Amino acid sequence: MRSDAPLSRRTLLAAPFVAGALAACDRFATAEPAPVAAPPLKSVAAFPIGSAVMAGQLDDPAWVALARREVNQLTPEWEMKMEYILQSPDRLTFDAPDRIAEACHASGARLHGHALIWYSQGEQVFSGFDRTHFPRAFDRYIAEVAGRYRGKVVSWDVVNEPIAEDGNGLRDSHWSRALGADGYMIRAFEQTKLADPEAVLFLNEYNLENNPTKGATFLRTVERLLKAGAPIGGLGTQSHLDIEIPAGQITTLIRELGGFGLPVHVSELDASLRREGVGDLRSRTQRLEQQRGRVIELAEAFMALPEHQRFAFTAWGLRDSDSWLRRGDRDDGQDQPLLFDDAGQPKPLTAALAGVFAGR
Ligand code: G3I
């Protein structure tokens, strides 16, 4: 490599002196913000505040106390999905989702069902069905599950993540290959409507704010499905935010979602401070500022929707340590993607969010 060649970013980051400086900078910048006072989010919001929940968390008094204080809607994080319920082809397992439903009933929290049909689940069991039995099994699963929670859930994510990863077109899946690209979605909404006529039926997707191409494809898909008669009753944007996206992108997406006149659910908010893959020159302070900017933009965009379209504002967990982003090999114990710290304390972000919801 020529001696005067510019150092590549990777080489620069690997340089000991740079790495040492960054570590010192990060250590200095990791002076945690002091806990702040913030009113319970559900007490200042004119719409439900939600969180993901796992049945095991109902045995954690600290989690239960925080949930009781802050939220009035719960979404089963994974135990109301096919991966839990359909653990074997010939029997359905409902102990955990039933427990969550009972907890919601006991506490008066709304229950949002998640998720009936998802590309990433069910293939192993459904691959055993031929062209005749596949549709019957599809309908039967929805009837069994949505029927069981009729009167217990207020809503369902009927179809989760139907758009291709890059946003160009629809995602290919065992569902689309068996029942058609739009067909499986229309069928899922129709079958769910039959099983639970009162529930609000959502189409739910991620990266709509982060990837405008995906957002545009989602909007076109909603328009096409509605024209085909699919009983879509609400639109879910998961809001797993990329905090480095340009200001304004979130506002545009939420406004366009609102254009259908349907309830909008911010359904799985988290805002990771981490960046996948490449080195990260940002200080923790800079990342916290980016996170605040995007989360507050989301809240303000949600507040700008007509009241009847503000379905709920749901975070994908309560405490940072509850986040899926802090599990497995992703976890360096440093990420702070949620609204409460590992000890369940509100953050400056939480207080700012409460201020937006209170209209201040
Ligand atoms: O808790 C059990 C543990 O007892 C068992 O030993 C282990 C064996 O695999 O599984 C553990 O359960 C895991 C569970 O997360 C709790 O950690 C499940 O295997 C695992 O599949 C499950 O992953 C969930 C994932 O969806 C798939 O269902 C994540 O918690 C959940 O955060 C994630 O949520 C998704 C939304 O549904 C859709 N949008 C994206 C979002 C994040 O991926």
Side-chain angles (χ1 to χ4, degrees), residues 50-60 63 67 71 73-88 92-97 99-100 111-126 141 145 149 153 155-165 167 171 173-175 185 188 201-211 214-215 218 234-243 253 264-272 274 276 298 312-331 333 335-340:
S51 172
V53 59
M54 296 188 281
Q57 289 166 328
L58 300 174
D59 298 318
D60 172 358
W63 187 94
V71 304
Q73 180 171 301
L74 293 177
T75 301
E77 185 162 351
W78 71 287
E79 290 150 317
M80 213 175 234
K81 294 171 185 169
M82 225 172 242
E83 68 174 301
Y84 187 88
I85 293 173
L86 206 54
Q87 292 178 38
S88 71
L92 303 180
T93 305
F94 290 113
D95 57 342
R99 188 166 176 224
I100 292 170
L111 176 61
H112 175 72
H114 174 81
L116 288 170
I117 300 297
W118 189 15
Y119 78 89
S120 78
Q121 300 196 356
E123 183 156 19
Q124 190 176 358
V125 171
F126 276 76
Y141 178 81
V145 178
Y149 295 105
V153 302
S155 50
W156 272 104
D157 287 333
V158 174
V159 172
N160 193 44
E161 303 178 5
I163 308 299
E165 183 63 29
R171 189 186 293 273
S173 72
H174 52 297
W175 308 121
M185 293 190 270
L201 307 185
F202 282 84
L203 187 67
N204 193 51
E205 186 58 88
Y206 72 98
N207 273 359
L208 300 181
E209 304 91 346
N210 301 336
N211 177 350
K214 191 167 188 181
F218 182 80
L235 304 176
T237 180
Q238 294 180 14
S239 303
H240 296 289
L241 296 180
D242 171 353
I243 61 174
L253 182 276
V264 173
H265 185 195
V266 169
S267 57
E268 305 180 16
L269 170 64
D270 49 37
S272 174
R274 294 162 60 85
E276 295 297 325
L298 178 67
F313 195 96
T314 296
W316 208 234
L318 287 173
R319 302 162 301 193
D320 291 328
S321 51
D322 295 322
S323 174
W324 68 292
L325 293 167
R326 287 274 295 270
R327 289 181 215 147
D329 58 4
R330 277 188 286 261
D331 182 18
D335 206 355
Q336 297 172 318
L338 292 171
L339 301 178
F340 299 91

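What you see is a predicted model; the values in this text were computed from it and never measured. One-based numbering, in listed order, for ligands and for the atoms of each.
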Pair Glu161 + Lys81, salt bridge at N-O below 4.0 Å |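 Salt bridge between Glu161 and Lys81, a charged N being under 4.0 Å from a carboxylate O: no.
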Any side-chain heavy atom of Leu111 within less than 4.5 Å of one from Met80?
-> yes
Would you please say whether a donor-acceptor pair under 3.5 Å links the side chains of Tyr84 and Asp95?
->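 Side-chain D/A pair, Tyr84 to Asp95: present.
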Any donor-acceptor N/O pair, Asp157 side chain to Asn160 backbone, under 3.5 Å | no
Residue of the set Phe126, Tyr141, Tyr119 for which ring-ring contact (aromatic ring centres under 6.0 Å, His included) holds with Trp175 |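 For Trp175, the ring-ring contact (aromatic ring centres under 6.0 Å, His included) check succeeds only for Phe126.
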Report all protein residues having a heavy-atom distance below 4.0 Å to some atom of ligand 1; order the list by chain, then number.
->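 Under the 4.0 Å cut-off, ligand 1 touches Met54, Glu77, Trp78, Lys81, Glu83, His114, Trp118, Gln121, Asn160, Glu161, Gln238, His240, Glu268, Trp316, Trp324, Arg327.
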Whether over 12 other heavy atoms sit under 6.0 Å from Gln124 CD =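 Check fails, neighbour count at 12 or below.
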